[in-house]
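Structure first, commentary second.
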4 protein chains.
Amino acid sequence: MSRPRSDEKRKAILDAATRVIVTQGLSAPTAGIAKEAGVANGSLFTYFETKAELFNQLYLELKADMANAALTDLRPGVDPRQQLFQVWQRWMAWAMACPDKRRALAQLDVYGEITPETRAAGHRTMAAIADLLEDIRTHGSMRKVPMGFVVALLNSIAEATILAMAQDPAHARKRSNEGFDALWRAVA
Amino acid sequence: MSRPRSDEKRKAILDAATRVIVTQGLSAPTAGIAKEAGVANGSLFTYFETKAELFNQLYLELKADMANAALTDLRPGVDPRQQLFQVWQRWMAWAMACPDKRRALAQLDVYGEITPETRAAGHRTMAAIADLLEDIRTHGSMRKVPMGFVVALLNSIAEATILAMAQDPAHARKRSNEGFDALWRAVA
Amino acid sequence: MSRPRSDEKRKAILDAATRVIVTQGLSAPTAGIAKEAGVANGSLFTYFETKAELFNQLYLELKADMANAALTDLRPGVDPRQQLFQVWQRWMAWAMACPDKRRALAQLDVYGEITPETRAAGHRTMAAIADLLEDIRTHGSMRKVPMGFVVALLNSIAEATILAMAQDPAHARKRSNEGFDALWRAVA
Amino acid sequence: MSRPRSDEKRKAILDAATRVIVTQGLSAPTAGIAKEAGVANGSLFTYFETKAELFNQLYLELKADMANAALTDLRPGVDPRQQLFQVWQRWMAWAMACPDKRRALAQLDVYGEITPETRAAGHRTMAAIADLLEDIRTHGSMRKVPMGFVVALLNSIAEATILAMAQDPAHARKRSNEGFDALWRAVA
DNA sequence: CATGAATGAGCGTTCATTCAT
DNA sequence: GATGAATGAACGCTCATTCAT
């Protein structure tokens with residue numbers, strides 16, 4: 001019965017925030033984000049109560065986007081190594097295709113106001129990857145290592161690989177494979 | 001332009017900054033750091049021209065402290081695995097012994113104003129570790145992987161391990177060993 | 001320009017404003033008043049052009065309510081002291097029975113945007129009291145004092161009495177009588 | 001050893017606040033007050049932590065100023081009526097001489113953030129008047145009325161008188177005497 | 001050189017009012 | 001007319017940095 005809250009505008013703000021965070025960091029003014037999104041600065045606060053809330057939701061959105069990309073077309077039946085490799089490749093491909101999202105996510109990961117709840121929800125988006133890794137872990141040399149630690153190792157190796165790929169895009173494919181090999185040796 | 005009078009005060013400020021960063025993050029006011037250091041807020045700027053300068057120097061100081069700890073008593077002759085293991089152990093021990101320094105360093109690592117020069121200097125403090133790793137690399141499965149990437153993997157696995165240790169100090173030793181084993185499999 | 005559709009809604013807004021002013025003061029957001037009234041924030045502005053307009057109308061409404069209560073059943077014939085005492089008693093009774101209205105009115109009285117016109121209209125609602133007082137004045141010690149000042153004294157003594165009653169409701173009746181006695185001595 | 005906090009600047013801010021409150025009300029921007037005082041807006045906050053703090057201190061300052069003026073040269077020995085009359089005259093004179101202070105004080109009296117402590121301290125500045133009044137009360141028709149109520153009546157009659165004087169300055173003296181007579185009849 | 005007051009740009013958020021639905 | 005999203009000016013307060021003492 002009135003103008004409905006537009007999902008489009010919400011997305012525009014989130015997208016703008018992604019871009020602005022990349023160029024200006026987490027201390028970027030909300031006014032700048034609003035402007036980049038093409039809305040009035042006050043409007044930002046009809047979609048997100050506070051700056052922290054905006055950043056929490058963006059964190060989740062980006063994490064979900066990443067997980068989504070990584071998990072596309074995962075076929076449960078096949079060889080675990082094959083499956084993990086496919087996830088890995090899609091993950092790395094996402095990182096190269098959406099450098100802004102990746103960078104923004106890296107910054108948000110370190111934002112002081114991301115709540116534990118948000119982080120937990122973020123982890124949940126990657127549950128399918130964790131499941132796959134769990135299968136691998138129980139049959140390999142990390143059989144006795146807690147799952148949480150194995151996941152952390154996966155993440156840290158992925159991050160290092162992404163950084164290396166970004167630093168030298170000409171050899172991105174090579175780095176991706178090397179990173180996966182290292183990962184496989186470490187966890188399988 | 002010349003070295004400021006009291007090196008003691010400089011240290012006090014750096015120490016205070018470490019503590020304050022841990023509790024308040026990188027956006028902590030310089031006035032707060034000065035107060036924690038027991039000096040006037042204006043004095044901070046006679047020792048460090050800007051906040052960014054302070055944080056750059058602190059970054060270096062902490063990196064050096066960490067490298068120093070890790071490289072203590074390194075004996076060049078012995079088996080590379082032994083050497084790397086010793087470095088690893090001292091590194092992890094430092095992280096557990098100085099949690100503030102570790103946390104502050106982690107934050108500074110993502111501070112937008114750390115200059116490439118500072119980062120380069122930071123890497124240099126770990127040159128001895130890199131040398132050792134280089135030796136290992138050339139004789140193992142990462143023979144064809146660029147050294148920079150291998151170092152990055154070492155760092156990322158170390159970070160993941162430190163976090164896991166901090167999360168569950170009762171099993172810190174176990175995590176440390178598991179982390180080292182994973183590292184060794186990955187890079188050797 | 002014409003009277004808006006629902007007088008009921010208008011009342012709801014005025015009532016809500018009364019309540020909200022008591023708890024939040026004159027700086028209470030119009031959105032909060034609208035919500036308390038159960039209407040959309042935009043709707044408030046179809047009934048009252050501006051916040052100031054709303055507050056002016058509320059001021060009048062409350063003043064009229066108060067005067068109305070005070071003047072109920074006034075019998076013109078009887079002894080002026082009796083008449084004034086009845087007015088006084090009903091006035092005090094109203095203040096104790098509708099503390100929200102009283103408090104809101106007290107706040108509105110100092111609201112910067114109450115126009116002279118509104119204030120004049122407010123005075124008119126109390127004209128009957130003024131007439132009665134005029135009768136008393138001309139026969140007593142304030143014979144030579146301008147009527148406006150006498151009315152002001154009545155009001156100020158009433159306000160002080162109401163406050164004292166509110167502060168110690170157990171002795172409200174006593175305060176009321178003491179206040180009236182003081183008033184009578186002052187003006188008769 | 002550094003620039004000392006200047007009492008002059010503090011006074012300048014309080015004076016500026018007085019003037020600005022009179023013209024713009026309590027919602028006047030702190031920036032405007034600072035500008036009027038000839039200091040940077042940030043400086044205001046080195047002298048007063050918050051706007052509310054500034055207003056509380058101003059309230060006290062003005063109350064004290066008023067009490068001071070009213071109590072000048074009070075001679076304890078003489079006839080209570082004489083004493084009260086002198087206080088009354090000085091009080092009214094102050095109100096006419098410093099209309100800004102009076103108006104600002106009237107507004108502050110109604111400011112939502114004046115703390116009970118500030119109000120209590122304000123009352124204490126008028127303790128000598130209360131003492132004098134107490135003496136009068138115990139010997140007159142308000143013998144059985146609580147002191148607090150008598151003080152409230154004094155204040156309310158004074159306020160009404162001041163307003164009437166301000167409205168018609170040509171007859172200020174007359175109003176002052178009429179007000180005092182009414183007061184004396186009411187409380188003595 | 002030490003101190004801490006002075007400065008003023010800048011920020012997150014609010015809110016009266018307007019307007020698309 | 002009713003709704004509530006959209007708007008953008010405004011505000012209180014912070015804080016890196018400068019400067020008078």
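No experiment lies behind these values; they were computed from the predicted model shown. Each chain gets a letter, A, B and so on, in the order its sequence line appears, and its residues count up from 1.
- Interface residues of residues 15-27 of chain D facing DNA chain E, ordered by number: none; criterion, heavy-atom separation under 4.0 Å.
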remark   = Pairs under 3.5 Å (Watson-Crick or G-U), crossing ones as [ ], inter-strand ones as |: DNA chain F comes out as .||||||||||||||||||||
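- Out of dG12(F), dT17(F), dT13(E), the shortest distance to the side chain of Thr30(D) is found at dG12(F).
- For the pair Arg103(C)/Pro99(C), a side-chain contact is recorded, criterion being any heavy-atom separation below 4.5 Å from C-beta on.
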key: side chain to side chain contact (heavy atoms under 4.5 Å, CB included) between Asn41(D) and Thr30(D), worked out   = CA-CA 7 Å; Asn41(D) 57 51; Thr30(D) 52; 5.8 Å; no
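- Rounded to an integer number of Å, the gap from Leu54(C) CG to dT17(E) P is 10 Å.
- dA2(F) atom P lies 12 Å from atom CZ of Phe48(C), rounded to whole Å.
- The main-chain N or O of Ser6(D) is found under 3.5 Å from a side-chain atom of Tyr47(D) such that the two form a donor-acceptor pair.
- Going from atom CD1 of Ile33(A) over to atom C1' of dG10(E) covers 15 Å, rounded to whole Å.
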inquiry  = Assess the residue pair Val110(C) and Gln107(D) against the criterion (side chain to side chain contact (heavy atoms under 4.5 Å, CB included)); give the C-alpha distance rounded to whole Å, side-chain angles, the decisive distance to 0.1 Å, and a yes or no.
reply    = CA-CA 7 Å; Val110(C) 300; Gln107(D) 299 234 37; over 6 Å; no
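- For Phe55(A) and dC11(E), the CZ to C1' distance is 13 Å, given to the nearest whole Å.
- Taking atom CD on Glu53(B) and atom P on dA16(F), their separation rounds to 15 Å, with Å as the unit.
- The distance between atom NZ of Lys51(B) and atom P of dG10(E), rounded to the nearest whole Å, is 16 Å.
- Here the OG-OH distance, from Ser27(A) to Tyr111(A), works out to 10.0 Å after rounding to the nearest 0.5 Å.
- Nucleotide dC1(E) holds its P atom 14 Å from the CG atom of Asp7(B), rounded to whole Å.
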Donor-acceptor contacts under 3.5 Å from residues 16-25 of chain C side chains, at least two apart:
residue	atom	partner	partner atom	Å
Thr18(C)	OG1	Leu14(C)	O	2.9
Arg19(C)	NH1	Glu36(C)	OE2	2.2
Thr23(C)	OG1	Arg19(C)	O	3.4
Thr23(C)	OG1	Val20(C)	O	3.2

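- Qualifying salt bridge (Lys or Arg N to Asp or Glu O under 4.0 Å) partners for Arg119(A), counting only residues two or more places apart in sequence or in other chains: Asp109(A).
- Arg102(C) and Ala95(C) get closest at one heavy-atom pair: NE-O, 3.5 Å.
- Between the NZ atom of Lys35(D) and the P atom of dG12(F) there is a distance of 15 Å, rounded to whole Å.
- Within 4.0 Å (heavy atoms only), Ala28(A) reaches sugar-phosphate atoms of the nucleic acid but no base atom.
- Each of Phe45(A) and Phe45(C) has a nearest nucleotide on DNA chain E; the 5'-most of these lies closest to Phe45(A).
- Side-chain contact check for Leu105(A) versus Met66(A): some heavy-atom pair is nearer than 4.5 Å.
- Distance CG/Leu62(C) to SG/Cys98(C): 9.5 Å, rounded to 0.5 Å.
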Could you go through residues 50-61 of chain B and list every donor-acceptor pair under 3.5 Å that involves a side-chain atom there, pairing it with any protein atom two or more places apart or in another chain?
residue	atom	partner	partner atom	Å
Thr50(B)	OG1	Ala52(B)	N	3.4
Thr50(B)	OG1	Glu53(B)	N	3.0
Lys51(B)	NZ	Leu26(B)	O	3.2
Lys51(B)	NZ	Ala28(B)	O	3.0
Glu53(B)	OE2	Gln57(B)	NE2	2.7
Asn56(B)	OD1	Thr115(B)	N	3.0
Asn56(B)	OD1	Thr118(B)	OG1	2.5
Asn56(B)	ND2	Ala52(B)	O	2.8
Asn56(B)	ND2	Glu113(B)	O	2.9
Gln57(B)	OE1	Arg10(B)	NH1	2.4
Tyr59(B)	OH	Lys63(B)	NZ	3.4
Glu61(B)	OE1	Arg10(B)	NH2	3.2
Glu61(B)	OE2	Arg10(B)	NH2	3.4
Glu61(B)	OE2	Lys11(B)	NZ	2.9

query = Which letter, B, S or -, goes with each nucleotide of nucleotides 5-10 of chain F from 5' to 3', with contact meaning a protein heavy atom under 4.0 Å?
reply = BSBBB-
